[in-house]
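Below is one structure, written out as structure tokens, with a few remarks after it.
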Amino acid sequence: MKRIAFARIAQETNALSPVPTTLHDFEGSHYLEGDALLQATTEGPEVAGFFKRAELAGFIAAARARKADVEPVPLLSAWASSGGPLSKDCFEELEARLVEKLRRAGHLDGMYLCLHGAMGAQGISDPETRLVRAVRSVIGGAPLVVSHDLHGNVTQARVDAVDALVAYQTNPHRDHAKVGRKAGSIVIGTVMGEVKPTIAWRSLPMILGGGKTIDFLQPMRAVFRRMHQAEKREEALAASTFMVHPWNDSPSLGWSTLVVTNNDEAAANRIAEELAEMCWERRHEQPPKFPGASEAIASARAAKIRRKLGCVTMSDASDVVTAGAPGDSTHLLRALLEEGAGLRSYTAVRDPLAIKTLWPREVGDIVTLTIGGTLDPASSPPLPVRGAVISKHERHGFGRTVVLAVEHVRIVITEGPSMVMRPSFYTEVGLDPWHADIVMVKNFFPFLMFFLPYNRKTIFVRTRGTTDFDAAFQLPFDGPMHPRDPVDDWRSRDRARRGVA
Ligand SMILES: [Zn+2]
């Protein structure tokens, strides 16, 4: 019986957010250890409120398929929503807990570690490589397989520290469990001596490209198809393309491709190179340009029939909480109040200070206060409003929540991250999207699936904030970066980043 440990420490960091991620953010979102983790990954839900099955359940499935051979050893699983960099204390506490659990786990033959790949921490460069090395310091040369979100960033140090690295092959992401199963098969196969993983990777000096970057749409569809093909034909155990989180502040940030083969270095290099060329060819297809708030509201107003049949969904693209923005922007909210008369609008803003003021008030009270613009005052100013308290709630993940009615707008004010991507964000507080003209979300992709029944028109709105694509251009890079700077050739930076002469 081989004993293989599994753990997760995952958060996607937006380096531009001034709101640090703390241990409370992990423990208030998803934190499990030992037997509770084993139960959650065996019976579900793995991440309450989000995933019945995710990567760790996938790993368990791979272990179950080898029932007599493998004993999965649960360590810990910590996940927090996208946000600012982890505080140093938070990172070091999670690292210490992981190491402590590994030490107490007894003899281990291998390990699967689920990381996001775009985590940042205050005062610590490349924190995820540090986690991988911390694991190494305990398990020594035992096989270690890591999985990442496809928005992760790869570094040579990370590649050096792992036996294999695998990533999602869907965007929007919907293959979490599949990736865990793949990582599980590789680590189990390696422990059993059946496979010998060999990694090749390529790094591109590029943070944006590939159009909408959706896996089933062009221009990226062909790249994803090539990855599937490589795995299907068994040239590769895993083929990945990392399209990076552009607001991550790793100096060597950039798209990368990474291929794991069974002891075939030449094939690994050939496929990684081919995928890199395919991505580079798509570099000029930039993400779409979004209209401003006034234009967006006018176009929602014009969509009369669609509003009657359902709602217009407006993504507050400059304040996307699921990409790490603080969620306290007032730009779109202000525009809806000033220019959206007659359009019943559901909106969201995170403001722990306003919650402090509002929580003691009774339902029905008329209140005057400022909301938003407190967590990231540099992006948007606080907004003065006068309205009625229509309900109060205590919610897992969102924390204390107060709903205000201000003229034609309903404002859901949350103490915790205003991660608005599912209709339940509104229905749980008594706001039915069938009765709205406009529903605000703070998300780039998954809301398109979740809002399908209600949504008749989608508008991404650009105001000003930490998830504007060009906001990433102010981060420090190790050289010219596409599309901010002209870059003719990717190979010299690739070689430098990989330490190849
Ligand atoms: Zn992602």
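All ligand and atom numbering here is 1-based and tracks the order in the structure.
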(Q) Strictly under 2.8 Å, is the Zn ion (ligand 1) approached by any N, O or S atom of His245? (A) no

**Q.** Pairwise side-chain contact, Glu231 with Val259, heavy-atom cut-off 4.5 Å (strictly under)
**A.** no

**Q.** ring pair (Phe, Tyr, Trp, His ring centres under 6.0 Å) partner of His151, the single match among His116, His173, His245
**A.** His173

Q: Would you please say whether a donor-acceptor pair under 3.5 Å links the side chains of Ser77 and Tyr31?
A: no

Q: Please determine, by modelled atom types, if His148 and Arg158 share a side-chain donor-acceptor pair under 3.5 angstrom.
A: yes

Q | His151 ND1 and His173 NE2 subtending at the Zn ion (ligand 1) (10° steps) | A | 100°

Q.
Quick check: of its N, O or S atoms, which one does Asp149 have closest to the Zn ion (ligand 1)?
A. OD1

